[in-house]
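Just so it is clear, the values below take in all heavy atoms, side chains as well, and ignore hydrogens, waters and symmetry mates. Naming convention: chains lettered A, B, ... in sequence-line order (proteins, then strands); numbering from 1 in each chain.
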Protein chains: 2
Amino acid sequence: MQEYATLRAFVAVARTGSVSRAAEQLHLTQPAISLKLKQLQANLGLTLFSRRPQGLALTADGHALLPAAEKALASAQVFEQTAGTLHSTLRGKLSIGTIVDPEFLRLGAFLSRLMARAPQLETELHHGMSGSVLNRIEQGDLDVGFYLAPPGEGSGQAHGGLAWRELTHFDYHVIAPAGGKIGLLTPVGSIWRRCHGL
Amino acid sequence: MQEYATLRAFVAVARTGSVSRAAEQLHLTQPAISLKLKQLQANLGLTLFSRRPQGLALTADGHALLPAAEKALASAQVFEQTAGTLHSTLRGKLSIGTIVDPEFLRLGAFLSRLMARAPQLETELHHGMSGSVLNRIEQGDLDVGFYLAPPGEGSGQAHGGLAWRELTHFDYHVIAPAGGKIGLLTPVGSIWRRCHGL
DNA sequence: TTAGATTACGAGGATCGTAACTATC
DNA sequence: GATAGTTACGATCCTCGTAATCTAA
């Protein structure tokens, strides 16, 4: 089965009539495109292009395959777009409780990833000590907050009415109102569900 | 952009409701599927499955994405199939001149790859010494033949009215009537063009 | 000589399987 | 204990970019 990169190369070269322009368009180098074409033709056992002085031209076989390749790419884009609409419906304001040094929390990375996932989400940062963040979350004042966990405590458990989950690649934990089911009832709460991927 | 292997994993798990059965179906291991699912969900920023005692069940998001994934896969299969029909129209008999030991030529591998590319093609093997094969090709008695080339001779050149091309991964060469243009005029000749991918 | 394409090759990253671990019945 | 899934990790394969080579106008 041909991968998307291969199909993109094929379509780009077919449309531009040139490996160079296709490479430019796809932000790759000439050799990369050239190799992809070679692989595609070898896999299919077909000759899709013929060399012309000013570039490459489609053969009859290439012409016959182009529409199918374009459809395959279009379907893939539809998939991506469908996925996009599923979390672009997220709206609301997320109140985040922070502690200690934002640099230590890698807060910038966290926020940028959050924005990438849910661009329409507003965030509001509230700084405090670890204990006060816990209290304000329990009171519903904050939606989610950082929490320095004691080492060796495992992950994914619930305690004290709060659900917490270890963030891999980070040295801190995030807390949100318990159960995850509550999260689903409000726009803000659904954020918590989305955050599971971060 | 999600690759096909990822979409196949998603669809297989969604349909079977189990990583194990999906792995079996795709001839992969449980961890490979599990990783693909994790990557897909991370890329999309969505939770597609929820864990059940007997396996995994689609979430609402997963349900919404399944049709798009199936369409993307179907389009890819249409592309492959279209390519298949392009060289399944090949018919005719190919007379192949062989030399020395068929085992040494890896003739079985060559023929099986040829059959995979052009299933409707008949082949006819004629064994002889290297010189006689050359003569019979020049006389049009054979369509294509094996030839032990002197080392260091480069590849893709034409000499003595014959075109020859080095077969990568093999230690021998294939000869066919010169120019490749002649090849396009007859069913048998078009075989030579197809062989370029082997 | 210039423009365009291919080949060679090496570094970096992705993939997949084995093995070990966790959780649920 | 048995079943289902995940994590860890290492070997292998793939991809892409740089540099060199090839071909035609």
Notebook entry, point to check: What is the distance from CG of A/Leu40 to C1' of D/dT15, rounded to the nearest Å?
Noted result: 16 Å
Note to self: Which residues pass the ring-ring contact (aromatic ring centres under 6.0 Å, His included) test with A/Phe10, not counting sequence neighbours?
What the structure shows: A/Phe49
Item checked: d(CG, A/Leu37; C1', D/dC16) in whole Å -> 15 Å
Please list each protein N or O that sits under 3.5 Å from an N or O in nucleotides 16-19 of chain C, with the distance.
unit_1, atom_1, unit_2, atom_2, d
C/dC16, OP2, B/Lys36, NZ, 3.2
C/dG17, OP2, B/Thr29, N, 3.1
C/dG17, OP2, B/Thr29, OG1, 2.7

Check: Do the side chain of B/Thr6 and the main chain of B/Leu40 share a donor and acceptor less than 3.5 angstrom apart?
Finding: no
Notebook entry, point to check: With the 4.5 Å side-chain cut-off for hydrophobic clustering, are B/Leu58 and B/Leu44 part of the same group?
Noted result: yes
Next item on the list: Note down the inter-axis angle between the two ends of the helix from C/dT1-D/dA25 to C/dC25-D/dG1, five pairs each, to the nearest 10°.
Entry: 20°
Next item on the list: Starting at atom CZ of B/Arg8, determine the distance to atom C1' of C/dT15, rounded to an integer number of angstrom.
Entry: 14 Å
Check: Are the side chain of B/Arg21 and the backbone of B/Thr16 linked by a donor-acceptor contact shorter than 3.5 Å?
Finding: yes
Next item on the list: Measure from the side-chain heavy atoms of A/Val19 and tell me the nearest of D/dT6, C/dA5, C/dC25.
Entry: C/dA5
Check: To the nearest Å, how far apart are A/Phe49 CZ and C/dT6 C1'?
Finding: 15 Å
Next item on the list: Could you state the atom-to-atom distance from CG of B/Leu56 to P of D/dT3 in whole Å?
Entry: 18 Å
Next item on the list: Let me know the distance between OH of B/Tyr4 and P of C/dT15, rounded to the nearest Å.
Entry: 16 Å
Checklist line | Atom-to-atom span, CD1 of B/Ile33 to P of D/dT7 - whole angstrom | finding: 15 Å
Next item on the list: Would you confirm whether A/Thr59, through its side chain, and A/Leu48, through its main-chain N or O, come within 3.5 Å as a donor-acceptor pair?
Entry: yes
Notebook entry, point to check: Rounded to the Å, how far apart are B/Gln54 CD and D/dA2 C1'?
Noted result: 15 Å
Next item on the list: Classify the nucleic acid contact of B/Glu3 as base, sugar-phosphate or nothing, counting any heavy atom under 4.0 Å across all strands shown.
Entry: nothing
Next item on the list: Identify, between B/Arg21 and A/Arg51, the residue whose nearest nucleotide on DNA chain D lies closer to the 5' end.
Entry: B/Arg21
Check: When you check the gap from the basic side-chain N to the acidic O, do B/Arg8 and B/Glu70 get nearer than 4.0 Å?
Finding: no
Margin query: Counting only side-chain nitrogens and oxygens, does B/Ser34 get under 4.0 Å of the OP1 or OP2 atom of D/dT7?
Written below: no
Margin query: With a cut-off of less than 4.0 Å, is there a side-chain N or O of B/Ser20 near OP1 or OP2 of D/dG5?
Written below: yes
Check: Is a side-chain donor or acceptor of B/Gln2 paired with a backbone partner of B/Leu7 at a separation under 3.5 angstrom?
Finding: no
Notebook entry, point to check: According to a strict under-4.0 Å criterion, is B/Lys38 in side-chain N/O contact with OP1 or OP2 of D/dG5?
Noted result: no
Check: Under 4.5 Å between any side-chain heavy atoms of B/Val19 and B/Leu56, yes or no?
Finding: yes
Check: Any side-chain heavy-atom pair from A/Leu66 and A/Val11 closer than 4.5 angstrom?
Finding: yes
